[in-house]
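Keep in mind that what you see is a predicted model, and the values were worked out from it rather than measured.
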Amino acid sequence: MAPEEAKKKSFRKKVHFLLRSSTFKFCIIFPIFFVLIVNGTYFFEKGKSLKSLGDCYWYFFLAFVSGGVRFQAVTLPGRIFSIITIVVRMCLFGTVTAAIASFFMDSKNQKNRGFSQLKKLNHHFIICGWRPEMEVILDAVMESNPELTADQIVLVNNISSKEIGQLRGQARFKEINYVSGDYSHEDVLKRACVQTADRALVISDQSDGSARIEVDSRTILSVLTMKSMNPKIYVSAELFDAKLESHLKLAHCDEIILASEYEYRLLANASSGQGYTNIMHELISSNRESGIIVENIPAEYYGKTYGDFSAFLYLTEAKEKKMQLIGLLLNTGNFYKRRKDALRQAHKSANVEKIVDNLMKVKSIKSNKPLFMPDDSFVLDSSMKAIFIKSSQETAE
């Protein structure tokens, strides 16, 4: 079908829908009724209780607004028209009031059940999926992101409105937004305003008892959909099966969480009796005053070496804050912006072979790649961040 024909067909459907709507019928019938009732009354009451047609329109307008006819009809037809006006006004007032109340109630119910379109949301945080311990996850997210308030969080899942209501019943989660539906579907993500979101976390959904492979497939599809709708969004996603990690990498997922694999490794390391679990607990603790800290590198050190930066930290603030530099986080930030910058740099060389080599390096860029204890001659740039181990005052003493 040609685009013009499709547009015409769509227009005809809209017109047909409009003509069949109750609102359109009311907008046509009511003015006709009003004109007939006013002119009919004036025809019989002219020169008796009404001086002009303008007065008649004014009195009937007041009758519909305030509920009473402001003149005394003296003829039988005039009185009948007055009675009809009062009865119609009573029915109309009740209908309009009920319609307005129903609209607001439906709107509120739709919002509470997660079926409405979220509005005026920008730079927010989307959490896709559900866990029985969702309260703990939300507390940890808000503790790790102090700048994040409850009204900037959007939950997207298929959980019942009753459970969402219980979650919102707690004061700290009262303002959390909710969208009901399959978070791998584009229309559902649109309602969550994914186009204007800054970050998203996709957790392995455990709300419907689906098989792990189904949950992972939905996770991959949701990341692909989000990245296609908003290439600038920073997405972290959890997988059950490490074999599917490559699919998330192809979707340019910024962070991939292999929770089951981490669990197995931690159990295996704990069996050695070397205290690995206590070390990991301290390193990834939700306490922002200790453990692993990732911070921006000062702009004046872009183009300088890791050794220069390390020496600066040792002599200044890092020593006072009891922070130890242990490495760098490479290729941070938005993937598409990094790739664009890398391509620009790759084309600066006049050597064709070097350009090809640079383009191959761009293709193999890995997001958020940690590099521990690099050589002092390693050159820093704006895509890197510094990794520290920070000690709390209590631990240091």
Problem - Presence of salt bridge, K232 and D198, under 4.0 angstrom - result: no
Completion exercise
Value for CG (L53) from OH (Y57), rounded to nearest 0.5 Å, stands at 5.5 Å
Exercise for the section: Check whether the side chains of D381 and Y301 place a donor and an acceptor atom closer than 3.5 Å, and report yes or no. Expected result: no
Practice task
Flag the pair E186 / V194 as yes when at least one side-chain heavy-atom distance between them is below 4.5 Å, and no otherwise.
Solution key: no
Exercise for the section: Report yes if some heavy atom in the side chain of L244 is under 4.5 Å from a heavy atom in the side chain of L248; otherwise report no. Expected result: no
Practice task
Would you give the length of the straight line joining atom NE2 of H252 to atom CE of M226, rounded to the nearest 0.5 angstrom?
Solution key: 14.5 Å
Practice task
Could you tell me whether R218 and E214 make a salt bridge, using a distance below 4.0 angstrom between a side-chain N and a carboxylate O?
Solution key: no
Handout entry: Side chains of L380 and T305 in contact at under 4.5 Å (non-hydrogen atoms)
Key = no
Exercise for the section: Look at the aromatic rings of F388 and F309 and report parallel, tilted or perpendicular, splitting at 30° and 60°. Expected result: perpendicular
Exercise for the section: Give a yes or no answer on whether the side chain of D376 reaches the backbone of Y306 with a donor-acceptor pair at less than 3.5 Å. Expected result: no
Practice task
Find the distance between CG (L121) and OG1 (T196) and round it off to the nearest 0.5 Å.
Solution key: 6.5 Å
Practice task
Please confirm whether the backbone N or O of I233 pairs with a side-chain atom of K227, one donor and one acceptor, at under 3.5 Å?
Solution key: yes
Handout entry: Side-chain donor-acceptor contact under 3.5 Å, E238 with T219
Key = no
Exercise for the section: Indicate yes or no: at least one non-hydrogen side-chain atom of L329 is less than 4.5 angstrom from one of M384. Expected result: no
Problem - F34 CZ: over 12 foreign heavy atoms closer than 6.0 Å - result: yes
Fill in the blank from the handout: So CZ of F173 and CE of M134: to nearest 0.5 Å the spacing works out to 9.0 Å
Problem - Closest contact, heavy atoms only, L148 versus Q152 - result: CA-OE1, 3.7 Å
Fill in the blank from the handout: Exactly one candidate in T225, L221, D205 meets side-chain contact (heavy atoms from CB on, under 4.5 Å) with Y183; the answer is D205
Handout entry: Stacked cation flag R212 on F240, 6.0 angstrom / 45 deg
Key = yes
Problem - Check: T332 side chain, S383 main-chain N or O, donor-acceptor pair, under 3.5 Å - result: yes
Problem - Pi-cation contact, Y42 with K46 (under 6.0 Å, within 45°) - result: no
